Amino acid sequence: MSRMLNAIVAVCPDLGIGMDGQLPWHPVRLNNEFKHFRKMTATPSVEGKQNVVIMGRKTWFSIPEKNRPLNNRINIVLSRECRAPPAGAHHLAPDFSSALRLVETELAERTDQVWVIGGSSLYKELMQFPGTRRLFITRIMKQFECDTFLPEISLDKYRLLPQFPGVPHELQEENGIQYRFEVYESIDELCI
């Protein structure tokens, strides 16, 4: 696979990413953080193409129904249980590898970037997947109760980039919650 794979996620200090199928800080809204998510995942770098978002079934159903599918993006939902795409989803795949094959075959001409948007096991699979990968992490500076976690980012496999185009590097704050955007790039494949 030659296409850059990206993941985007907001994490608490303990790498918590969810609680009871919601973001840990729910019902507090971080509108600027959400705008960052939307800008990164919905803005293709090639005119006339669309980005793909790949997510697990639980992540799909955690998105408010009025916001499904995520607009201006091709939505692929992973599920071994569903026989057809959930209402509103564009495509269904049984696993991550199948979703990537779909991107490289049927969707190849329409697709620009690929974004993994959750959940935990899908992030883990992406982080171990061969090829160049980028992790767009929002570090929430406040701890909330969590029951779902991002796997540890191995600093012998990823390096924190000092800056990245379009990603603010200064400390952000909304509704009394501070956070910082970080971008990591895989280093294990840079020698190829």
Side-chain angles (χ1 to χ4, degrees), residues 1-18 23-25 28-56 59 70 72-74 96 99-100 103-104 111-144 146 148-192:
M1 157 144 238
S2 57
R3 200 179 299 271
M4 172 72 69
L5 298 177
N6 303 291
I8 191 164
V9 63
V11 300
C12 290
D14 68 352
L15 298 181
I17 61 173
L23 294 172
W25 40 92
V28 175
R29 290 188 50 89
L30 301 178
N31 290 324
N32 289 332
E33 200 281 330
F34 180 71
K35 285 177 189 167
H36 169 74
F37 167 87
R38 188 171 54 229
K39 179 183 100 173
M40 298 309 295
T41 62
T43 308
S45 59
V46 178
E47 194 172 330
K49 295 203 174 201
Q50 281 190 307
N51 290 343
V52 168
V53 287
I54 300 175
M55 68 200 90
T59 299
L70 296 178
N72 301 319
R73 289 154 279 192
I74 300 167
F96 186 49
L100 294 178
V103 167
E104 289 304 314
T111 301
D112 183 23
Q113 300 174 59
V114 175
W115 290 89
V116 167
I117 64 168
S120 182
S121 61
L122 188 52
Y123 287 128
K124 180 178 182 181
E125 195 169 351
L126 170 88
M127 290 165 74
Q128 297 170 345
F129 204 79
T132 307
R133 302 163 312 281
R134 285 196 187 114
L135 310 175
F136 290 75
I137 307 291
T138 302
R139 296 277 182 185
I140 306 293
M141 307 296 189
K142 183 176 180 181
Q143 185 59 54
F144 293 87
C146 299
T148 308
F149 299 88
L150 181 73
E152 194 72 40
I153 299 170
S154 172
L155 295 181
D156 57 347
K157 292 185 177 184
Y158 289 90
R159 67 184 174 106
L160 176 60
L161 301 178
Q163 57 190 10
F164 193 85
V167 177
H169 61 273
E170 53 281 334
L171 188 65
Q172 310 288 312
E173 184 168 344
E174 286 186 84
N175 295 319
I177 299 172
Q178 292 185 325
Y179 57 90
R180 182 178 304 281
F181 299 120
E182 297 177 346
V183 181
Y184 292 82
E185 188 168 76
S186 60
I187 55 178
D188 56 347
E189 302 295 328
L190 295 179
C191 303
I192 294 176

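Here the structure is a predicted model, which means the values were calculated and not measured. All residue numbers refer to positions in the sequence shown, counting from 1. Atoms considered below: every heavy atom in the structure, side chains included; atoms not considered: hydrogens, waters and symmetry mates.
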With sequence neighbours excluded, residues passing side chain to side chain donor-acceptor pair (under 3.5 Å) with Arg73: Thr41, Asn71
Who pairs with Gln178 by side chain to side chain donor-acceptor pair (under 3.5 Å), at least two apart in sequence or on another chain? Glu173
Run the side-chain contact (heavy atoms from CB on, under 4.5 Å) test against Asn31 and tell me which residues pass, sequence neighbours left out. Arg29, Glu174
Kindly give the heavy-atom pair with the smallest separation between Gln113 and Thr111, and that separation in Å. O-CG2, 4.2 Å
Please enumerate all residues that pass ring-ring contact (aromatic ring centres under 6.0 Å, His included) together with Tyr123, with sequence neighbours excluded. none
State the SG-CG distance between Cys12 and Leu150, to the nearest 0.5 angstrom. 11.0 Å
Check for a donor-acceptor pair, side chain of Ser120 on one end and backbone N or O of Phe149 on the other, with a separation under 3.5 Å. yes
Can any side-chain N or O of Gln172 pair as donor or acceptor with the backbone N or O of Glu170 at less than 3.5 Å? yes
Hey, what do you get for CZ (Arg159) to CD (Glu185), rounding to the nearest 0.5 Å? 5.0 Å
Any donor-acceptor pair under 3.5 Å linking the side chain of Asn51 with the backbone of Thr43? yes
Contacts satisfying salt bridge (charged side-chain N to carboxylate O under 4.0 Å, His left out) that involve residues 38-55 (not counting sequence neighbours) are none
Residues that Asp14 engages under side chain to side chain donor-acceptor pair (under 3.5 Å), provided they are two or more places apart: Gln143
Test side-chain contact (heavy atoms from CB on, under 4.5 Å) on Leu100 and Leu5 and set out the steps. CA-CA 10 Å; Leu100 294 178; Leu5 298 177; 3.7 Å; yes
Using the rule given for side-chain contact (heavy atoms from CB on, under 4.5 Å), can you reason through Ile117 versus Phe37, listing the C-alpha separation, both sets of side-chain angles and the distance that settles it, and then say yes or no? CA-CA 9 Å; Ile117 64 168; Phe37 167 87; 3.7 Å; yes
Kindly write out the residues that satisfy side-chain contact (heavy atoms from CB on, under 4.5 Å) with Gln163, not counting sequence neighbours, or none if the list is empty. none
Rounded at 0.5 Å granularity, tell me how far CZ in Phe164 sits from CE in Met40. 5.5 Å
Under the side chain to side chain donor-acceptor pair (under 3.5 Å) rule, collect the residues that match up with Asp112, sequence neighbours excluded. Ser45
From Trp115 atom CH2 to Leu70 atom CG, the distance as rounded to the nearest 0.5 Å: 13.0 Å
Between side-chain atoms of residues 135-142 and protein atoms elsewhere (two or more places apart, or another chain), which donor-acceptor pairs fall under 3.5 Å?
residue: Thr138; atom: OG1; partner: Glu33; partner atom: OE2; Å: 2.8
residue: Arg139; atom: NE; partner: Glu182; partner atom: OE1; Å: 2.8
residue: Arg139; atom: NH2; partner: Tyr184; partner atom: OH; Å: 3.0

The reported gap from CD1 in Ile153 to CE in Met127 (rounded to nearest 0.5 angstrom) is 5.0 Å
Applying ring-ring contact (aromatic ring centres under 6.0 Å, His included), can you list everything that pairs with Phe96, at least two apart in sequence or on another chain? Phe129
When rounded to the nearest 0.5 angstrom, what distance separates CD1 in Ile54 from CG in Leu122? 7.0 Å
